[in-house]
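Encoded as structure tokens, the structure appears first; notes follow it.
Quick caveat, the model's predicted, so the values are computed rather than measured.
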Amino acid sequence: MNKLFIIFLVKIAIITLIVQQAQSSGKANPAISPKNNAHDLDLNRSENQQFMLEHNILLKQQTYAIGQEKYAINIYQKSPIGTTRYLVLHDNENAAFDSGLRAIKDGGLLVVLENKESRYLYDFGKNTQTNTDPNRIFDDKNKYFALGQAILSSLQLQQDSLVVALHNNSPNSTFKMSNIHKFGNTQIVCQKDRNEKNLYWIPYKNSTDAGLNLAKKLCNAGSYNVVSEQVPAIAKGDGSLSIYAANRGIDYVNIEIKAAIAGDKNNENTAMLAQQNYITTLAKLSQAKPNR
């Protein structure tokens with residue numbers, strides 16, 4: 001087993017104990033009803049509630065406290081949870097949530113950071129929106145690093161776990177295949193999807209990392225865009241989970257899909273189906289052990 005991953009698991013075990021202690025002391029709520037979670041618009045859409053009921057998907061909410069600040073982590077789960085762990089960090093990215101929920105209909109685990117439909121962390125203790133991007137807290141110098149560790153603890157990672165982060169990028173953003181060279185030490189492995197905002201993002205530390213083999217398989221699997229990033233050390237990175245994961249020996253893939261036009265049902269459905277397509281292909285290939 002990778003030594004870095006062993007060290008990571010020990011740290012996560014400590015964080016898990018802290019979270020469990022917080023639950024027992026009343027700082028965390030072990031189970032909630034969708035109807036009591038009025039601030040979660042994704043969950044409260046009738047089609048999502050109905051989907052959960054039809055497929056017996058359970059919901060648990062953890063509240064993580066940093067002083068007087070409180071942050072909500074929603075955990076959707078159906079047994080057996082398998083080895084893939086889905087994660088949504090940005091609460092305003094609806095197709096990511098919708099597709100992640102559907103990805104676990106036959107079993108799996110989805111962790112969602114609840115931020116009142118915003119990209120940025122929401123402090124439920126003070127009922128205040130922060131200006132902190134949750135995908136920049138995975139650095140021990142960050143004020144919210146402990147929250148990041150609590151999120152990882154919620155994923156219940158094992159040695160063979162694969163973390164799949166689900167994201168939607170704005171139609172107006174510069175994040176796309178033609179600009180990908182501006183985002184870290186990146187390489188285009190293949191470009192086959194005509195929508196240049198749709199892509200797999202695979203971080204790696206060394207040329208022998210298994211993620212590079214998976215990147216090649218994804219390119220051969222169909223009309224997909226695949227990007228790899230050779231990550232720097234955590235201290236020299238931007239606090240993103242991709243950099244943290246590659247440095248800690250955690251198998252990680254980010255699926256980026258062009259965000260839908262809010263309120264446009266057809267457009268929202270198109271975005272969700274595109275994300276489901278990327279998810280399904282990854283799920284098939286990542287199960288082909290041992291050369292994931």
Is there a donor-acceptor contact under 3.5 Å linking the side chains of Glu229 and Thr186? no
So His167 and Ile257, side-chain contact (heavy atoms from CB on, under 4.5 Å) or not? Walk me through it. CA-CA 6 Å; His167 289 275; Ile257 296 295; over 6 Å; no
I need the Thr130 OG1 to Asn115 CG distance, nearest 0.5 Å. 7.5 Å
Do Asn92 and Ser118 come within less than 4.5 Å of each other through their side chains, counting heavy atoms only? no
Show your working on side chain to side chain donor-acceptor pair (under 3.5 Å) between Tyr204 and Ser228 and close with a plain yes or no. CA-CA 7 Å; Tyr204 70 97; Ser228 64; 4.9 Å; no
What residues, two or more places apart in sequence or in another chain, satisfy salt bridge (charged side-chain N to carboxylate O under 4.0 Å, His left out) together with Arg102? none
Any side-chain heavy-atom pair of Val111 and Val88 under 4.5 Å: no
In the structure I gave you, are the side-chain heavy atoms of Asn94 and Asn168 within less than 4.5 Å of one another anywhere? no
Working for side chain to side chain donor-acceptor pair (under 3.5 Å), residues Asn206 and Thr208: CA-CA 5 Å; Asn206 302 303; Thr208 56; 5.1 Å; no
Shared hydrophobic cluster for Ile137 and Val163 (ILVMFWY, side-chain gaps under 4.5 Å): yes
Partner of Asn169 under side chain to side chain donor-acceptor pair (under 3.5 Å), chosen from Lys197, Glu93, Lys258: Lys197
Taking only residues two or more places apart in sequence, or in another chain, which ones meet Tyr122 in a ring-ring contact (aromatic ring centres under 6.0 Å, His included)? Phe124
Out of curiosity, Gln50 CD to His55 NE2, how far, rounded to the nearest 0.5 Å? 9.0 Å
Would you call Leu113 and Asp91 a side-chain contact if the rule is heavy atoms closer than 4.5 Å? no
Return the CG to OG distance between Leu214 and Ser286, rounded to the nearest 0.5 Å. 7.0 Å
Give me each pair satisfying side-chain hydrogen bond (donor to acceptor under 3.5 Å, both in side chains) with a member in residues 264-273, each pair once, sequence neighbours excluded. none
Who are the salt bridge (charged side-chain N to carboxylate O under 4.0 Å, His left out) partners of Asp140, not counting sequence neighbours? none
Do Tyr71 and Tyr120 sit in the same hydrophobic cluster, where Ile, Leu, Val, Met, Phe, Trp and Tyr count as joined when their side-chain heavy atoms come under 4.5 Å apart? no
Could you check if a side-chain atom of Ile243 sits within less than 4.5 angstrom of a side-chain atom of Leu241, using non-hydrogen atoms only? no
Where do Lys176 and Glu256 land on the salt bridge (charged side-chain N to carboxylate O under 4.0 Å, His left out) test, with the steps shown first? CA-CA 9 Å; Lys176 53 188 176 181; Glu256 289 275 358; over 6 Å; no
Residue pair Cys219 / Lys216, side-chain heavy-atom distance below 4.5 Å: no
Single-linkage hydrophobic cluster, 4.5 Å side-chain cutoff, Met272 and Leu101 together: no
About how many Å separate CD of Glu114 and OG1 of Thr63, when rounded to the nearest 0.5 Å? 10.5 Å
Whether Tyr200 and Tyr278 hold their rings parallel, tilted or perpendicular, with breakpoints at 30° and 60°: tilted
The reported gap from CG in Asn225 to CD in Gln191 (rounded to nearest 0.5 angstrom) is 5.0 Å
Working note: Tyr76 + Phe97, criterion ring pair (Phe, Tyr, Trp, His ring centres under 6.0 Å); need CA distance, chi angles, decisive distance, verdict. CA-CA 11 Å; Tyr76 301 83; Phe97 175 83; 5.5 Å; yes
Connected hydrophobic set around Leu58, excluding itself, where side chains approach under 4.5 Å: none
Report the C-alpha distance between Ser154 and Gln62 in whole Å, list the side-chain angles of each, state the deciding distance to 0.1 Å, and finish with yes or no for side chain to side chain donor-acceptor pair (under 3.5 Å). CA-CA 9 Å; Ser154 299; Gln62 294 179 342; 2.9 Å; yes
Do Ser242 and Asn254 touch side chain to side chain, with heavy atoms closer than 4.5 Å? no
Determine whether Asn48 and Asp98 satisfy the following criterion, side chain to side chain donor-acceptor pair (under 3.5 Å), listing intermediate values before the conclusion. CA-CA 7 Å; Asn48 284 337; Asp98 294 344; 3.1 Å; yes
Go through it in stages, so that I can follow the logic: the residues are Asp133 and Arg119, the test is salt bridge (charged side-chain N to carboxylate O under 4.0 Å, His left out), and I'd like the CA-CA distance, side-chain angles, deciding distance and then a yes or no. CA-CA 7 Å; Asp133 185 332; Arg119 178 182 181 87; 3.2 Å; yes
Would Arg136 count as a cation-pi partner of Phe138, with NZ or CZ less than 6.0 Å from the six-membered ring centre and within 45° of the ring normal? no
Could you work out the complete set of other residues in the hydrophobic cluster of Leu199, with links drawn between I, L, V, M, F, W and Y side chains under 4.5 Å apart? Phe175, Met177, Ile180, Phe183, Ile188, Trp201, Val227
